[in-house]
Amino acid sequence: MDSRDSKEGTASALGRPWRAPHDHSGPVFVAGRGAWLVDRGGHRVIDATSGALNVLCGHGVEPVLDAYLSQLRELAHIDMSQGLARPAHLLADRLRAARRHGGERFFFANSGSEAVELAVKVASLYWAAAGPAAGSRRQDIVTFERGYHGSTALCQSLSGLPQTSSTPDRCGAGVHHLTFGEFTGEGLRSPQARRHIADQLRAILADSNAGTVLVEPLLNVGGGIRLPEGLLGDIRRICDEHGALLVLDEVFTGLGRTGAWFAHEHEGVRPDLTAFSKGLTNGVCALSAVAVDNGVLERLPSGSIVSYGHTMSASPAACAAASATLEHIRETGAVAAARDIGARLLSALGRELRGADGVLDVRGQGLAVSVELDSAGTAGNVQQTVYDLGAYTRQQGGTVMLAPPACLSGEEEERLVDHVVAAVRKSGQRPVRNRR
């Protein structure tokens, strides 16, 4: 990709997330509309990353922009700990209708990391309310070793991924990791992997102080791994057997990405708490939420305070943008589009690439499709070639992920598949070079 640095002074003082302090490599984008981005060299690419995986409806959605700007002019901000504003009430009610669970209350923050921290805090309060005998024994947390739950110190403490391993433990509780063991490639979603993980969870909950299980329905940063079919239902049942809380991290998968409003709907699972963020405002501004079942809140002492809050939590403008995004998703059928487009992409890529040299797996759900390759170097080469051909993809280690917006046209689908297939085939014809 465009590796020019900031000779024009556009990034000379910029520090970037997940990069070395002076790393300004990569494309510089100047415009986006629909499913397309334009870099400063005028190169147009299909945005198969949906921004930071948060632009489900495509760039430049006018109703969302109009709602945001209109609310900015009327009332941009109030302190939610001191007063209230109507847009937050409306958004909470619309989210309750979208989730169709009933009996939930919504707490707002800004980022996915903040939402996960809030969910963990509420779970901790739940167990503390159980009293010294029970609560002190149930503060540990179970997560997937390859799960990712955010970039704050606490959230990184919950993960076992290499990129988070240098972070000092800030969780304040024991963390137990579920692993895929020896399973790789297609085996990651096999019935045998399902049993392996379910057995681990039963053993952990039976033999430890764990009272909370935190799961991504699709492991995003961990490699775009779709959990084995039926596993999420197994996890819910095992949590019930052991009286544990199930917290779902749907920061990435929530609000349509997988072809359902929330990924847990695919298996008919009802979590105790759900954190979500990326699909909420279509990338216009920062907003996240935690849905908490009333059964959890009723366990807390009467009059107790959920001690959290951020300056911009549930700002009226952000809530207005989110309500407009939900309406746009409904009006355009974006959830069904994510399901159908994703199924076609997965089928086409699987048909062309499964069994090809260097390809370990082709997997996905909705608009989260991953091609796992034999090394991070190969994946980097494929990502570069795809960009040169006209599409912008996301690399997660040895995996290239496609997460385009739900506005993708049939012609754009075909182009995206053609670019990825051509890049993978080209990568098998030359030595893999190391990328800095």
Side-chain angles (χ1 to χ4, degrees), residues 53 142-149 159-161 177-204 213-239 246 248-254 257-260 262-269 271 338-356 358-376 379 393-403 420 424:
L53 309 173
V142 183
T143 70
F144 274 88
E145 182 179 48
R146 292 177 69 169
Y148 175 82
H149 301 289
S159 174
L161 290 170
H177 286 144
L178 299 170
T179 75
F180 285 91
E182 301 300 318
F183 295 99
T184 60
E186 294 183 16
L188 292 170
R189 57 185 186 279
S190 65
Q192 294 81 5
R194 173 184 173 182
R195 288 194 297 271
H196 172 78
I197 295 166
D199 289 345
Q200 284 181 75
L201 180 59
R202 286 192 183 93
I204 291 171
V213 179
L214 173 63
V215 175
E216 295 172 281
L218 189 150
L219 306 185
N220 171 20
V221 178
I225 300 171
R226 181 179 178 179
L227 298 183
E229 185 175 352
L231 177 60
L232 200 59
D234 294 341
I235 291 172
R236 174 73 274 182
R237 286 187 291 274
I238 294 167
C239 285
L246 175 58
L248 292 186
D249 179 346
E250 293 231 30
V251 167
F252 169 54
T253 54
R257 173 60 59 184
T258 68
F262 289 85
H264 60 264
E265 295 173 15
H266 292 292
E267 296 199 18
V269 168
R339 179 194 65 217
D340 297 341
I341 295 170
R344 291 192 294 269
L345 289 174
L346 183 61
S347 175
L349 289 168
R351 183 172 58 250
E352 296 291 335
L353 295 179
R354 281 198 179 99
V359 177
L360 303 183
D361 194 18
V362 181
R363 54 180 176 256
Q365 188 173 38
L367 288 175
V369 178
S370 295
V371 179
E372 184 180 1
L373 300 157
D374 56 14
S375 71
T393 58
R394 188 176 186 89
Q395 182 188 356
Q396 310 278 32
T399 299
V400 173
M401 175 182 282
L402 283 63
V420 173
V424 171

- Kindly say whether Thr258 contributes a backbone atom to a donor-acceptor pair with the side chain of His266 at under 3.5 angstrom? yes
- Item | From Ile225 atom CD1 to Ser370 atom OG, the distance as rounded to the nearest 0.5 Å | 8.5 Å
- Message: The test is side-chain contact (heavy atoms from CB on, under 4.5 Å); show your working for Leu360 and Thr184 and say whether it passes.
- Response: CA-CA 8 Å; Leu360 303 183; Thr184 60; over 6 Å; no
- Under 3.5 Å: donor-acceptor pair, side chain of Gln192, backbone of Phe183: no
- Query: Taking the side chain as C-beta and beyond, is there a heavy-atom pair between Val142 and Leu201 under 4.5 Å?
  - Reply: yes
- Any side-chain heavy-atom pair of Phe144 and Thr179 under 4.5 Å: no
- Query: Under a 4.0 Å N-O cut-off, is there an ion pair linking Arg195 with Asp234?
  - Reply: no
- Hey, what do you get for CD1 (Ile235) to CD1 (Ile197), rounding to the nearest 0.5 Å? 7.0 Å
- Has the side chain of Arg354 got a donor or acceptor atom that lies under 3.5 Å from a matching backbone atom of Val362? yes
- Message: On a heavy-atom basis, which atom in Ser190 and which in Pro228 lie closest, and how many Å separate them?
- Response: O-CB, 3.7 Å
- Does Asp249 reach the side chain of Val215, with side-chain heavy atoms less than 4.5 Å apart? no
- Item | Leu246 side, atom CG; Arg236 side, atom CZ - distance, nearest 0.5 Å | 5.0 Å
- Query: Step by step, would you call Glu250 with Thr253 a side-chain hydrogen bond (donor to acceptor under 3.5 Å, both in side chains)?
  - Reply: CA-CA 5 Å; Glu250 293 231 30; Thr253 54; 2.7 Å; yes
- State whether the side chain of Glu267 and the backbone N or O of Gly233 hold a donor-acceptor pair below 3.5 Å, judged by distance alone. yes
- Gln396 side, atom CD; Leu161 side, atom CG - distance, nearest 0.5 Å: 9.5 Å
- Query: Where the side chain of Glu372 meets the backbone of Gly398, is there a donor-acceptor pair that is under 3.5 Å apart?
  - Reply: no
- First locate atom CG of Asp361, then atom CG of Leu353, and finally report the distance between them rounded to the nearest 0.5 Å. 11.0 Å
- Item | Note, Glu216 side chain near His149 side chain (heavy atom, < 4.5 Å) | yes
- Item | Tyr148-Phe252 aromatic ring centre distance below 6.0 Å | no
- Query: With side chains defined as the heavy atoms from C-beta onward, is the minimum distance between Val424 and Val359 less than 4.5 Å?
  - Reply: yes
- Gly364 backbone acceptor or donor facing Arg226 side chain under 3.5 Å: yes
- What is the minimum heavy-atom distance between Ala379 and Thr399, and which atoms define it? CB-N, 4.1 Å
- What distance separates Ile204 CD1 from His177 NE2, expressed to the nearest 0.5 Å? 9.5 Å
- Query: Counting only N and O atoms by type, is there a donor-acceptor contact under 3.5 Å from the side chain of Thr143 to the main-chain atoms of Ser159?
  - Reply: no
- Item | Heavy-atom check, side chain of Val400 versus side chain of Leu373, under 4.5 Å | yes
- Message: So if I apply the side chain to side chain contact (heavy atoms under 4.5 Å, CB included) rule between Leu218 and each of Arg363, Gln365, Arg257, which one comes out positive?
- Response: Gln365
- What pair of heavy atoms forms the shortest contact from Pro217 to Leu227, and how long is it? O-CG, 3.4 Å
- Item | Sidechain-backbone polar pair: Ser347 side chain, Arg344 backbone, donor-acceptor under 3.5 Å | no
- Any sub-3.5 Å donor-acceptor pair from Arg146's side-chain atoms to Gly222's backbone N or O? yes
